[in-house]
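Inspection log for the structure reproduced underneath, given as structure tokens.
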Amino acid sequence: MKYEFLQIEDKWQKFWKDNQTYKVTEDKSRPKFFVLDMFPYPSGAGLHVGHPLGYIASDIFARYKKLKGFNVLHPMGYDAFGLPAEQYAIQTGQHPAVTTEQNIKRYREQLDKIGFCFDWEREVRTCEPEYYKWTQWAFLKMFHSWYDKKSDKAQAVSELVSMFEKNGTQGINAATEFEEEFTASDWSNFNESKKEEVLQQFRIAYLADTMVNWCPALGTVLANDEVKDGVSERGGHPVEQKKMKQWCLRVTAYAQRLLDAMENLEWTDSLKEMQKNWIGRSEGATVYFPIKDSDQRMEVFTTRPDTVYGVTFMVLAPESDLIDLVTTPEQKEKVDTYLGKARIRSERERMQDKTISGVFTGGYCKHPFSNEDIPIWIGDYVLGSYGTGAIMAVPAHDERDWAFAKNFDIPIVEVVSGGNVQEESYDAKSGKLVNSELINGLDVKDAIPKIVEEIDSRGLGFRKINFRLRDAIFSRQRYWGEPFPIYFKDGVPTPLEESDLPLKLPEVDAFKPTETGEPPLGRAENWKTKDGHPLEMSTMPGFAGSSAYYLRYMDPKNDKGLVSKEANEYWQDVDLYIGGTEHATGHLIYSRFWNKFLYDLGYVCKEEPFKKLVNQGMIQGRSNLVYRVKGTKQFVSQGLKSKYETSTLHVDVNIVENDILDTEAFKKWRPDFKDAEFLLEDGKYNCGVANEKMSKSLFNVVNPDDIIEKYGTDTFRLYEMFLGPIQQSKPWNTAGIEGVYRFLLKFWKLFHTDEKFEVSDEKATPDELKSLHKCIKKVDGDIQNFDFNTGISAMMICVNELTDQKCNKREILEKLVIVLCPFAPHISEELWQQLGNNETATVAEFPVHDESFLIETTWSCPISVNGKMKFLIDLPMDFSKDQIEEAVMADDRTKRLLEGKNLAKLIVVPKKIVNMVIK
RNA sequence: GCCCAGGUGGUGAAAUUGGUAGACACGCUAGACUUAGGAUCUAGUGCUUCGGCGUGGAGGUUCAAGUCCUCUCCUGGGCACCA
């Protein structure tokens, strides 16, 4: 009987669909397990072989957990709002909803072919009102919340208001930039607009003037992580700095909690490290430097307060508000010229240009301890957006300050011994303090707390922790996103009622900004409330819809809440999340923030959303190259190309097999190659190879559909996993897929003669059982560790051994089919059914390996001679001393080592015990 | 510059706590069966001057090192004037 994979796969996919095999419900009798994939953005290009890598891995794990008796939630959906659909709409006039729908349809077809066990009844799409209602709802909750540092959680703004009404700002400790103080009666005298202005500075979702990454080509604001090297991540358009009123989320309030909670997450160290760097906690102090001849002061943040006696100048960022105050009339012209230059330059240019630039303001500060005059400079190496936008410069112990001082001939004063500060700065945090009155002679690590204490007690500043993380800018001047549930009443931002949600995205006549520069929603007719107030015209960014989608999967049809308490308490959190590292500083931070916020408000029961995270690597394209002899129609095989002057062209990888070009197909590929001639090697045209991004323009895109057509999806799934560790990035190379195909074929042949299905009911031999149990043990462990490639190898070995033993025994094969099931579900179902089982293979139990059987067979023992040498040899457990000695001497290596030694002292002990003794 | 991750055959890669490096698969070589096929099966396949040598390189610890320590080189990823 032939292995007709296409028929088998069609049959079972249909069966699973008709019988709703993968539908899940909250079943309290079984433990839950939530396996989540990062849902895809449905792009027009469809899936290539790289996309399903993570999905296959999660599918294997989900199926495995099911077989282990868990109630597995394994959903899929679409991150459907986004720029490409909108760009396409601007170019073609096609509504993004239409193209998105088409793309989703295509994605679904492709995904279905791979045979995933998704519960499609739980599908979510971020662009649907039933879904984004809850994105808007969460935004409203953030609008109505503030962050209380005392209880260290989000609280209702209504409570804040009643505190203001009672005591003004007295006793309030909030995450805010607001520093003024007012009394209860001040508050009651504020008008509505003033009150709201104050409250905005406390709300977790708030409106603020911010410097934003403005992308003129896209007509929108981009988040920091959407900008790469000064151009937009999508499209590569230039980005500039611009001040705009934008909705923001107070992510910074959660910085410490985001950092702390990471400890207990099962994420890779490198990913945790990335998030840590992104959050960028630094401990230090804010220090006040009074400005000479003024009642004002400069505030600076420093991580090295111990070097305060080494300050020889101060530097302000070009954006600083203090510049006007400190600049003297004599220096004004120079300062203005400098600021003119610095401000025109975009952040990008400033970053690229590493030359040192700056200007003296003419003004001075007083040193807080020595009371000496310190000159104030302006320099663009100081950032307006970090710390206080001003620094105390210690050229002796900071590389950048040192370079600045050398350039402008400013004195360098050593305060920590250990280097030669005239030659280069000494930045290390070790050494003894010198030239530093109060802290002379102390080590750096002791000097820091001592000086901070002095600063604190003398009122010269305070201990301070700074974060690099910024609040998330949440407005986008785009069409294809969630509208804000906000309107403006006499210019005051006002929330809609929850009962008004969802606020649906309006129809517009075109998808670009209006002539007057308003966002596309400015084109909508009647974009206002029933009583005529204008609605917010921005929409939310891409990460809005993806921040809580995993919660929605728990209860996707609920129209009373994001997720019901019952569903949330059953599913709790994501046990396993699979996706790429590219979301490390975007989605994975915002999601954690969003979840913590909902946790504070009591809507979810877990503070962290993703318990374990596995990062799959990227699949790169493997391009094939051909070489044309310049000025001719001759193409020369790779090995001969050095003899000619050639130009290199990319060739469609689909007309190349094992790097050998199909020359006839090549002639037909493009009209201008129809007369191509070939200079061959051994009758073949060998192509060159390059590993690059998988992209249409490089003709290296491999479509999973083609592979599935040829080998079947079970082979495709196995091969993707067999390619190597899933965490690793690697180029796609279809050569080698034959191997896993042959494995399935062998498996099939264990049960089938040429004519029919055939299994034997004979009892298995010890050898056969050994093969089986070794395999089960290995695969079981490998799945848990995500070593799918070695797990597949183990199955191959087992099938090879069984084939050698001509074993077609039911007892063995029934178990083996279930082991194979997570990897290749279709063939497993088919074989399972042929074995005479009524239930599907996916509800059977994953077999348990018989450990006692394995232990009886072999036993690894270390051998010790004269209490010194120890090494291992596999021995049957029931060997007598004589047999052991015989076995030991039969071992080549052992024999060499033991030659001439007294075997009476040979001691054989179980391995585990020896290890314990040694340690 | 700083922080991660990783360097093993012609290729993708294996290798519990240090214990016969290269499992498994591709590719290659030879053979079998075949009136030819990109099918199947069998055997071989790290290098070698047949002494040995081999996990990027140089040292070290150990009876024993791909694995542990020190230095160094290379590749991939992240951050990048963060005071």
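- A heavy atom lying under 4.0 Å from RNA chain B marks the following residues of residues 720-730 of chain A, by number: A/F722, A/L723, A/P725, A/Q728.
- In this structure, A/K774 pairs ionically with A/E801, as a charged nitrogen and a carboxylate oxygen lie closer than 4.0 Å.
- Rounded to whole Å, the C1' atom of B/G22 lies 8 Å from the corresponding atom of B/U8.
- In this structure, A/D787 reaches neither bases nor backbone, as no heavy-atom distance under 4.0 Å exists between it and the strands shown.
- The listed nucleotides are B/G77, B/C3, B/A83; the one nearest the side chain of A/S282 is B/A83.
- For A/N789 and B/C24, the shortest distance from a side-chain N or O to OP1 or OP2 is not below 4.0 Å.
- For the C1' atoms, the distance from B/G9 to B/C53 is 14 Å, rounded to whole Å.
- Looking at heavy-atom distances under 4.0 Å, A/D269 makes no contact with the nucleic acid at all.
- A close approach under 4.0 Å does not occur between any side-chain nitrogen or oxygen of A/N615 and OP1 or OP2 of B/G77.
- Atom P of B/G18 sits at a distance of 24 Å from the matching atom of B/A58, rounded to the whole Å.
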Heteroatom pairs (N/O) under 3.5 angstrom, protein to nucleotides 37-46 of chain B:
unit_1	atom_1	unit_2	atom_2	d
B/G38	N2	A/E657	OE1	2.6
B/G38	N2	A/E657	OE2	2.3
B/G38	N2	A/K710	NZ	3.1

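- Taking atom C1' on both B/A80 and B/U67, the two are 34 Å apart, rounded to the nearest angstrom.
- For the pair A/Y386 and B/A83, the criterion of a side-chain N or O lying under 4.0 Å from OP1 or OP2 is met.
- Set against B/C3, B/A83, B/C79, the side chain of A/E273 has B/C3 as its closest nucleotide.
- For B/G57 and B/C74, the C1' atoms lie 10 Å apart once the distance is rounded to whole Å.
- Only the C1' atoms considered, B/C24 is 32 Å distant from B/C63, to the nearest whole Å.
- Checking B/C81, B/A15, B/G77 against the side-chain heavy atoms of A/T790 singles out B/A15 as nearest.
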Structure string for RNA chain B in dot-bracket form, Watson-Crick and G-U at under 3.5 Å, | interchain: (((((((..(((......[....)))((((((.......))))))((....))..(((((..]....))))))))))))....
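- Straight-line distance between the P atoms of B/A23 and B/U45: roughly 10 Å, to the nearest whole Å.
- For the residue pair A/Y719 and A/A735, the shortest heavy atom distance occurs at OH-O, 3.0 Å.
- Base contact: A/S793 has a heavy atom under 4.0 Å from a base atom.
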